[in-house]
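Numbering of ligands and ligand atoms starts at 1, following listing order. Note that this is a predicted model, so its numbers are computed, not measured.
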Amino acid sequence: MHRAAPKADIDESALTVSAPKTEAAGVKAVTVALERAVEEMGVVRTARTLTRVNQRHGFDCPGCAWPEPTGMRRPAEFCENGDKAVAEEATLRTVTPEFFAEHSLRELSEKSGYWLGQQGRITHPMVLRPGADHYSPIAWTEAYRLIAETLRGLSTPDEAVFYTSGRTANETAFLYQLLVRSFGTNNLPDCSNMCHESSGAALTSSIGIGKGSVTIDDFKKADLIIVAGQNPGTNHPRMLSALGEAKAHGATVIAVNPLPETGLIGFRDPQTVKGFTTGITIADDFLQIRLGGDMALFQGLAKLLFEAEDRKPGAVVDRVFVDTHTAGFDEYEKHMRAVDLGVVEEATGLTRADLDRTAALIAESGNIIICWAMGLTQQLHGVATIEEATNLLLLRGMIGKPGAGVCPVRGHSNVQGDRTMGIWEKMPETFLAALDDEFGIRSPREHGWDTVDAIRAMRDGRAKVFFGMGGNFAAATPDTEVTEAALRGCERTVHVSTKLNRSHVVHGRTALILPTLGRTDEDLQDGVRQQVSVEDSMSMVHLSTGRLKPVSEHLRSEVAIVCELAAELFGPGHPVPWSDFRRDYDKIRDAIANVVPGCAGYNDKVRGRNGFELPHPPRDAREFRTATGKANFAVNDLHWLPVPAGRLILQTLRSHDQYNTTIYGLDDRYRGIHNGRRVVLVHPEDIAALGFVEDELVDLISEWTDGSERRVTGFRVVAYSTPRGNAAAYYPETNPLVPLDHVALRSNTPVSKAVTIRMERHVNTA
Ligand SMILES: Nc1nc2c(c(=O)[nH]1)N[C@H]1C(S)=C(S)[C@@H](COP(=O)(O)OP(=O)(O)OC[C@H]3O[C@@H](n4cnc5c(=O)[nH]c(N)nc54)[C@H](O)[C@@H]3O)O[C@H]1N2
Ligand SMILES: Nc1nc2c(c(=O)[nH]1)N[C@H]1C(S)=C(S)[C@@H](COP(=O)(O)OP(=O)(O)OC[C@H]3O[C@@H](n4cnc5c(=O)[nH]c(N)nc54)[C@H](O)[C@@H]3O)O[C@H]1N2
Ligand SMILES: [Mo]
């Protein structure tokens with residue numbers, strides 16, 4: 001079935017600005033989601049899909065990684081943006097061989113990512129031969145042969161890069177890393193390198209495991225929840241229900257953010273009938289912090305906590321916890337006592353009263369959770385900042401007890417599971433040894449390239465093949481011009497994809513598109529329905545079953561693609577039973593059970609009512625598997641971001657109408673931006689001080705330490721509530737501004753939330 005896609009691309013001149021919304025979700029959210037769903041899928045398919053999101057026997061929402069409430073799943077775990085994610089995937093619009101015959105590559109490369117994505121689901125495997133101007137259809141067997149031939153022709157397996165985006169289910173992820181390691185490289189960059197890598201690095205060093213320590217039930221037991229650097233109203237809408245419930249149980253919520261994000265500030269719960277009539281304010285307090293000021297905030301709070309302890313010895317520092325379970329406390333205390341609160345005020349833009357009030361709450365609260373996302377991780381000192389947040393919790397004894405802990409809120413629905421399954425360029429020896437034992441292979445031990453290093457390798461000609469398991473590498477990565485040139489320099493680029501995106505038109509000498517089933521699609525192998533499994537942000541693993549009839553009979557599951565490619569690449573006699581795995585996903589799970597820690601009995605456990613919880617030693621037993629055997633207080637020198645004269649610090653973030661590089665629509669309703677995306681949000685006084693006026697068109701120019709400049713053009717200036725010297729604009733339009741070498745220390749994550757820019761009046765050259 002083919003439905004017409006909207007033909008028009010974005011017309012930024014139609015952009016309008018209205019006052020930001022003061023409330024998130026509610027009736028409007030339900031209406032918007034349903035309209036979008038019916039438009040994409042029609043009424044029947046809408047009814048069949050939206051009732052199965054996140055239900056037992058249903059499929060896992062391809063949106064965010066926020067967990068489902070345990071015990072009873074609500075009759076409809078409604079979420080506007082989850083439903084948009086489903087509609088985007090379950091659409092009946094298709095991109096067929098005729099489409100590719102009609103549209104040349106040149107034409108497609110001039111289209112926006114929005115337009116490309118709106119065309120629908122890709123129906124056939126396609127190839128772009130050297131010098132060709134159009135993609136043309138290719139048989140699956142021939143596609144595998146081409147890929148295998150190129151891989152075998154490399155002078156070393158390390159000349160290939162195998163990227164993963166976090167939608168990939170556990171079964172695929174496990175087999176994919178097995179294929180890559182059997183082939184002989186650890187070059188397994190993933191979207192996590194650009195996302196929560198800083199959280200993983202900080203938490204592994206502080207508590208011995210790179211995952212959050214709270215479960216969904218802890219939210220009901222918390223007294224204080226700090227949400228820093230996160231916009232849940234848009235990116236994790238169901239988290240607002242958990243926060244609302246926490247408040248009903250008496251919790252206080254503090255939002256730490258440069259922007260007054262709708263949802264944290266106001267919220268109507270669409271889950272409850274009451275939600276349709278009464279709204280609540282989620283955040284009891286809002287600390288409007290300057291970009292990159294969080295490290296100063298957490299250090300300043302620590303100093304104030306030590307002073308409170310002096311006034312009332314024994315009341316603030318959890319001595320028993322600190323003495324029994326931690327290392328490095330004395331040095332940390334000394335360092336924090338020396339913090340200059342004047343500097344903290346300057347760095348954060350907050351007042352002494354803000355700091356005192358927050359410190360008092362932390363001192364008095366019995367159970368504290370700190371949540372965060374990209375506002376903390378995509379910063380130069382993101383790892384140290386997260387360590388400082390963790391230090392505060394350790395000082396108060398807040399890890400490994402109900403209602404308290406660290407909560408990095410993950411992005412992609414299975415990004416955490418992919419890591420558990422071995423998608424990482426630096427998997428530990430224990431994992432590799434277990435993998436080798438299970439299959440009789442010899443995994444390479446040398447660490448591979450992460451995302452930024454993979455771009456450098458392609459740029460420098462050290463990598464020649466790019467293989468993407470989902471995602472949109474060309475658009476999601478920093479320094480677009482450099483990255484696109486790097487991809488174009490490749491011998492072969494291959495993408496396993498559901499929908500068309502920028503990465504298909506920024507191609508190597510030969511390019512392949514391998515169309516795959518999504519979460520919502522029924523996956524039949526030899527006539528038998530298969531299920532996959534995923535892990536949410538809180539280490540809960542559960543099954544996901546797609547039931548929709550795929551839009552084309554030529555789609556293959558990601559598992560099948562990996563197995564069939566492996567069979568072609570390795571030939572008969574390979575020790576891994578690829579074809580058995582393809583036929584029966586239970587067999588993959590049996591292998592996972594033998595290799596992946598905490599997964600024994602996987603097939604049984606994952607079929608339990610709510611799936612199963614992976615072990616988390618700090619949460620389960622206050623056991624810290626660090627080098628010291630204890631939780632470590634980290635000691636960091638204070639860093640923050642002064643704004644150079646005449647400049648702004650820019651953060652690149654998501655609108656309410658997108659999923660990463662997938663643009664659902666042009667309406668950032670909560671922020672009052674409609675019909676367009678090229679805006680830069682600036683403090684009204686900065687607009688005037690820099691010599692501009694509201695609504696005028698500017699170019700944004702980033703300046704890097706080596707003197708180089710990067711420019712994006714034609715952005716409308718919008719007056720917005722943000723700290724002085726700070727600005728915000730949407731990703732991925734602003735990715736060209738982020739220099740490749742502008743990465744977080746210790747995690748190599750692109751610093752997408754702090755790019756120094758200047759604005760220039762836009763000169764229309766068209
Ligand atoms: N609908 C929808 N859902 C999504 C996604 C999506 O694109 N659309 N993406 C998914 C993915 S992969 C991810 S990683 C998550 C992302 O979830 P978020 O991290 O919420 O996403 P961003 O839009 O990047 O928002 C960053 C937030 O941090 C704030 N911030 C920026 N810099 C700072 C800072 O220096 N300090 C503080 N305290 N705050 C700061 C910004 O103002 C903004 O509120 O969402 C996931 N869920
Ligand atoms: N400037 C800036 N850059 C950023 C960020 C930022 O905040 N600012 N955020 C970063 C973050 S947090 C992340 S996670 C990355 C995201 O980076 P990616 O994960 O690479 O990007 P996505 O846009 O999520 O990928 C979308 C594409 O995935 C494909 N797809 C969708 N579903 C499936 C599926 O089921 N299977 C397969 N095989 N393919 C599928 C579709 O073809 C779609 O076009 O971007 C990062 N880049
Ligand atoms: Mo992410």
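Under a 4.0 Å criterion applied to the non-hydrogen atoms of L291, ligand 1 contributes the atoms 31 (C), 32 (N), 33 (C), 35 (O). In summary, the atoms of ligand 1 found under 4.0 Å from a heavy atom of N81, numbered by their order in the structure, are 1 (N). For ligand 1, the atoms sitting less than 4.0 Å from at least one non-hydrogen atom of T234 are 1 (N), 2 (C), 3 (N), numbered in the order shown with element in parentheses. Listed by number with element, the atoms of ligand 1 under 4.0 Å from a non-hydrogen atom of G292 are 34 (C), 35 (O). Counting atoms of ligand 2 from 1 in the listed order, those under 4.0 Å from a heavy atom of S165 are 18 (P), 19 (O). The contact set between ligand 1 and L259, taken as ligand atoms under 4.0 Å from a residue heavy atom, comprises 42 (O). Those atoms of ligand 1 with a heavy atom of Q379 less than 4.0 angstrom away are 32 (N), 34 (C), 35 (O). Close approach of ligand 1 to D294 (heavy-atom distance below 4.0 Å) involves ligand atoms 34 (C), 35 (O), 36 (N), 37 (C), 38 (N). Close approach of ligand 1 to C64 (heavy-atom distance below 4.0 Å) involves ligand atoms 47 (N).
The aromatic rings of H742 and W704 lie tilted to each other, with the angle between the two planes from 30° to 60°. Aromatic ring pairs are classed by plane angle as parallel below 30°, tilted from 30° to 60° and perpendicular above 60°; the pair F467 and F162 is tilted. In this pair, Y670 and H656 present their aromatic rings tilted. The plane angle is within the 30 to 60° band.
In summary, the side chains of T91 and E40 do present a donor paired with an acceptor at a separation below 3.5 Å, with no hydrogens or angles considered. Donor-acceptor pairing under 3.5 Å is lacking for the side chains of R52 and T520. Between the side chains of E388 and N636, at least one donor N or O lies within less than 3.5 Å of an accepting N or O. A donor atom on one side chain and an acceptor atom on the other are found under 3.5 Å apart for D668 and Y730. If you check the side chains of Q119 and R93, you find no donor sitting under 3.5 Å from an acceptor. Looking at K753 and Q651, their side chains never bring a donor and an acceptor atom within 3.5 Å of each other.
One finds the CG atom of N257 at 9.0 Å from the CD1 atom of I289 (value rounded to the nearest 0.5 Å). In this structure, NE2 on H504 lies 11.5 Å from CE on M126, to the nearest 0.5 angstrom. Expressed to the nearest 0.5 Å, how far CD of E171 lies from CG of D523 amounts to 10.0 Å.
Within the structure, ligand 1 lacks G63 among the residues with a heavy atom less than 4.0 angstrom away. Using a 4.0 Å cutoff on heavy atoms, R519 does not count as a contact of ligand 2. Not close to ligand 2: L653, with no non-hydrogen atom less than 4.0 angstrom away.
For atom 4 (C) of ligand 2, the nearest non-hydrogen atom of the protein is Y731 CE1, 3.1 Å. Given atom 10 (C) of ligand 1, the protein heavy atom at minimum distance is Y659 OH, 3.5 Å. Summary of contacts: the protein heavy atom closest to atom 30 (N) of ligand 1 is G375 CA, 3.5 Å. With hydrogens left out, the protein atom closest to atom 32 (N) of ligand 2 is R167 NH1, 2.8 Å, a heavy atom. For atom 21 (O) of ligand 2, the nearest non-hydrogen atom of the protein is N472 N, 3.6 Å. Given atom 13 (C) of ligand 1, the protein heavy atom at minimum distance is G411 CA, 3.2 Å. The nearest heavy-atom contact from the protein to atom 17 (O) of ligand 2 is A476 CB, 3.2 Å. The protein atom (non-hydrogen) at minimum distance from atom 2 (C) of ligand 1 is N235 OD1, 3.4 Å. Ranking the protein heavy atoms by distance from atom 25 (O) of ligand 2 puts G471 CA, 3.2 Å first. The protein atom (non-hydrogen) at minimum distance from atom 37 (C) of ligand 2 is E558 OE2, 3.1 Å. Closest to atom 23 (O) of ligand 2 among all protein heavy atoms lies T661 OG1, 2.6 Å. Nearest protein neighbour of atom 42 (O) of ligand 1, counting heavy atoms only, is N257 OD1, 2.6 Å. Ranking the protein heavy atoms by distance from atom 7 (O) of ligand 1 puts N660 N, 2.7 Å first. The shortest contact between atom 20 (O) of ligand 2 and any protein heavy atom is with Y163 OH, 2.6 Å. Nearest protein heavy-atom neighbour of atom 44 (O) of ligand 1: E261 OE2, 2.6 Å.
The heavy atom nearest to atom 34 (C) of ligand 2, considering only T477, V738, N193, T498, is found in T498. For atom 41 (C) of ligand 1, the candidate residues are Q651, Q658, H381; the nearest heavy-atom contact is made by Q651. Relative to atom 24 (O) of ligand 1, the option among R654, H412, H196 with the closest non-hydrogen atom is R654.
Taking the charged nitrogens against the carboxylate oxygens, K21 and E261 have no contact shorter than 4.0 Å, which rules out a salt bridge. Between R36 and D83 no salt bridge is recorded (no basic side-chain N to carboxylate O distance below 4.0 Å). The residues R290 and E346 are annotated as not salt-bridged, no charged nitrogen and carboxylate oxygen being separated by less than 4.0 angstrom. E535 and K211 are joined by a salt bridge, as a carboxylate oxygen and a charged side-chain nitrogen come within less than 4.0 angstrom of each other. Remark: R556 engages E564 in a salt bridge, criterion side-chain N to carboxylate O under 4.0 Å.
The proximity of K753 to ligand 2, defined as any non-hydrogen pair under 4.0 Å, is limited to the side chain. Residue C195 touches ligand 2 through backbone and side chain together, judged by heavy-atom distances below 4.0 Å. Contact annotation for T516 and ligand 2: only side-chain heavy atoms (C-beta onward) come within less than 4.0 Å of the ligand. For N501, every heavy-atom contact with ligand 2 shorter than 4.0 Å involves the side chain, none the backbone. At a 4.0 Å heavy-atom cut-off, ligand 2 does not touch H495 at all.
The residue from N472, N735, T477 that alone fulfils the side chain to side chain donor-acceptor pair (under 3.5 Å) condition with T661 is N472. Results of the side chain to side chain contact (heavy atoms under 4.5 Å, CB included) test with P408 over S199, C195, S198 single out S199 as the only residue that passes.
On a distance-only criterion, E89 and ligand 2 share no N/O pair closer than 3.5 Å. Considering both main-chain and side-chain atoms, H504 never comes within under 3.5 Å of ligand 2 through any nitrogen or oxygen pair. Here's the thing with G293: none of its N/O atoms is less than 3.5 angstrom from an N/O atom of ligand 1. The distance criterion of under 3.5 Å between nitrogen or oxygen atoms is not met by P258 with respect to ligand 1.
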Exercise for review: Run the numbers on R167 and D60 for salt bridge (Lys or Arg N to Asp or Glu O under 4.0 Å), then give the verdict.
Suggested key: CA-CA 10 Å; R167 282 253 182 127; D60 184 68; over 6 Å; no
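With Y731 as the aromatic partner, R677 does not meet the cation-pi criteria of under 6.0 angstrom to the ring centre and within 45 degrees of the ring axis.
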